[in-house]
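Written out below as structure tokens is the structure these notes cover.
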Protein chains: 2
Amino acid sequence: MTGSPAARNTLRILRFLAAQPDPVPAERIASSLGLPRASTYRLLSAMTAEGFVVHLEEDRVFGLGVGAFEAGTGYVRQAPLRRLAHGPMTRLVDRVEESAHLAVLHGRDVLYLIEERAPGRPSLVTDVGVRLPAHLTASGRAMLAALPRVQVRALFPDRDAFATHRGTGPATPAALRSLLAETRQRGYAVEDDEVTPGLASVAVPVLDHNRHPVASVAVTFAHESVLARRRAELSTEVAETAHDISRRLTGR
Amino acid sequence: MTGSPAARNTLRILRFLAAQPDPVPAERIASSLGLPRASTYRLLSAMTAEGFVVHLEEDRVFGLGVGAFEAGTGYVRQAPLRRLAHGPMTRLVDRVEESAHLAVLHGRDVLYLIEERAPGRPSLVTDVGVRLPAHLTASGRAMLAALPRVQVRALFPDRDAFATHRGTGPATPAALRSLLAETRQRGYAVEDDEVTPGLASVAVPVLDHNRHPVASVAVTFAHESVLARRRAELSTEVAETAHDISRRLTGR
DNA sequence: GTGTTCTGTCTCATATGTGAGACAGATTCT
DNA sequence: AGAATCTGTCTCACATATGAGACAGAACAC
């Protein structure tokens, strides 16, 4: 028994709306989630009353309300990691003058919790709240390289587990294993063009008491403008920040 | 009829958890919201199954899950204002080398949607998702000054409506009216020390088709370091950004 | 160690929420 | 203009969710 159907459907609606680029008609919600029309309207009415949904009557669509926003910021405020990491990330950006981000692993994806943009640098796809396939990003690779092999295998058991993105990145368990071995050997993870053409990243995992990767710190740059020596410097700065965050997390 | 009680209580639980600084025991949720214990557990179980809540069993507490986070980022992603305003805000910070933020009015509070930090500047209390009393902040004052008088009166009908913050800012409808008249006369809103000692802000409203204030753009600085001439320059830059966003919003 | 309180899970009588379908107004299509 | 479709709201028989209370294990206080 996993609780009340109305509660579950309420949250399914909320999650569905959060995944849409724009507000949608009630009929779309009902058909997409397989809910009866009358129930859908009743749940939407409750959600509107509580401020989690708004009904844009002129357009006959429903969108997210400010209550959804505040639930999201409540999560962020409660996330100890974000609080601990914010200062070190800010200082990293000031030091290296490149944009940086903190990500966590969630299933086979990374989820970005912090983005610190450097002046004059472009906005990144890795904005707060964005999900990307872990195996295609430096952030994800850094964490996967620090995970036990059985856990990586459980996450990526076969070819079907590999989301593709313009044909880049590893596409089989063997290719991923090889890439993660190189990552461990090198001491930091790399990503060149795989997510955004022309951009590269270096990343280092943040480890907890048990040397388990709970996040990763990455810096992103235009890869033509960065020499190999500069790249090694960046990775050293990123590693220092990741270790600083680890120390804050584990109380030294 | 405003929909399903289970749906409403689910969202009340979500809102309650979002307002707590830390995860809380189920008993606290039930007593705070006046819900029966068995129902509370059942709803929490559904919320956990859908990923909006996590049960930290060792500590016997419940906290927000990643589903809450994604609902929040869905709201932000859908907010047309944030999308339109992001580029102009970034350029403003690069130009003036001070931190800037975009806020909307929600009831008597402002709610911050965008914060762009400038290098070397301190993190601000006005982080994304933060609420502050509108009458104490430059952002709020800018919007209130552009609202019709009857609407301002409806928001702040008597002394009880004025949240206090270390005894700063207007405390009566008459004082607010006077401050807003000065704001309109000056052409931009100001705030000195009221929220954070040592910090000041200037703000300009973003207006829609009907000259209705839908947001405001503000810049925040250490007020000892900024001469009056520089302050006027900043307000000009802020106004230019606010008008740019208005034009994008209204399609010129 | 003992007693008390808290936590999580479950039962079951009954209160009520649900979903199929109807209705009316608005919008879209031909 | 008329027909078809969409939207939002409502009714009501019946399916099922609810809440009071019980139980057992864990944690806490003395």
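By convention in this document, chain letters (A, B, ...) are assigned in the order of the sequence lines, proteins followed by strands, and residues within each chain are numbered from 1.
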Rounded to the nearest 0.5 Å, the CZ atom of B/R108 sits from the CG atom of B/L136 at a distance of 12.0 Å

Can you figure out which of [options] approaches the side chain of [X] most closely?
X     : options               : value
B/H55 : D/dT18, C/dT27, C/dG8 : C/dG8
A/R60 : C/dT27, C/dC6, C/dG17 : C/dT27
B/A38 : C/dC10, C/dG8, C/dT18 : C/dC10
A/Y41 : D/dT18, D/dG8, D/dG21 : D/dG8

Measure from [atom1] on [X] to [atom2] on [N] and round the result to the nearest Å.
X     : N      : atom1 : atom2 : value
B/R8  : C/dG17 : CZ    : P     : 12 Å
B/L44 : C/dC6  : CG    : C1'   : 16 Å
B/D59 : D/dA26 : CG    : P     : 17 Å
A/N9  : C/dT18 : CG    : P     : 9 Å
B/E57 : D/dA26 : CD    : P     : 13 Å
B/F62 : C/dC6  : CZ    : C1'   : 13 Å
B/L56 : D/dA27 : CG    : P     : 15 Å

On DNA chain C, compare the nucleotides closest to A/E58 and A/L43; which residue's is nearer the 5' end? A/L43

Acceptor/donor pairs from residues 51-66 of chain A side chains to any protein atom, 3.5 angstrom cut, sequence neighbours excluded:
none

Excluding sequence neighbours, so at least two apart, what forms side chain to side chain donor-acceptor pair (under 3.5 Å) with A/Q20? none

Partners meeting side chain to side chain contact (heavy atoms under 4.5 Å, CB included) with [X] (sequence neighbours left out):
X      : answer
B/A215 : B/L81, B/L102, B/V104, B/V206
B/R91  : B/P88, B/R95, B/D244, B/R248
A/D160 : A/D158

Could a donor-acceptor pair under 3.5 angstrom be found where the side chain of A/R37 meets the base of D/dG8? yes

Test item: A/T90 and B/R117 side chains (from C-beta on) under 4.5 Å apart, heavy atoms: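 Yes, close enough: below the 4.5 Å cut-off.
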
Does any residue of residues 19-36 of chain A have a heavy atom under 4.0 Å from DNA chain D, and if so, which ones, in number order?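 Within residues 19-36 of chain A, the residues near DNA chain D are A/P25, A/A26, A/E27.
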
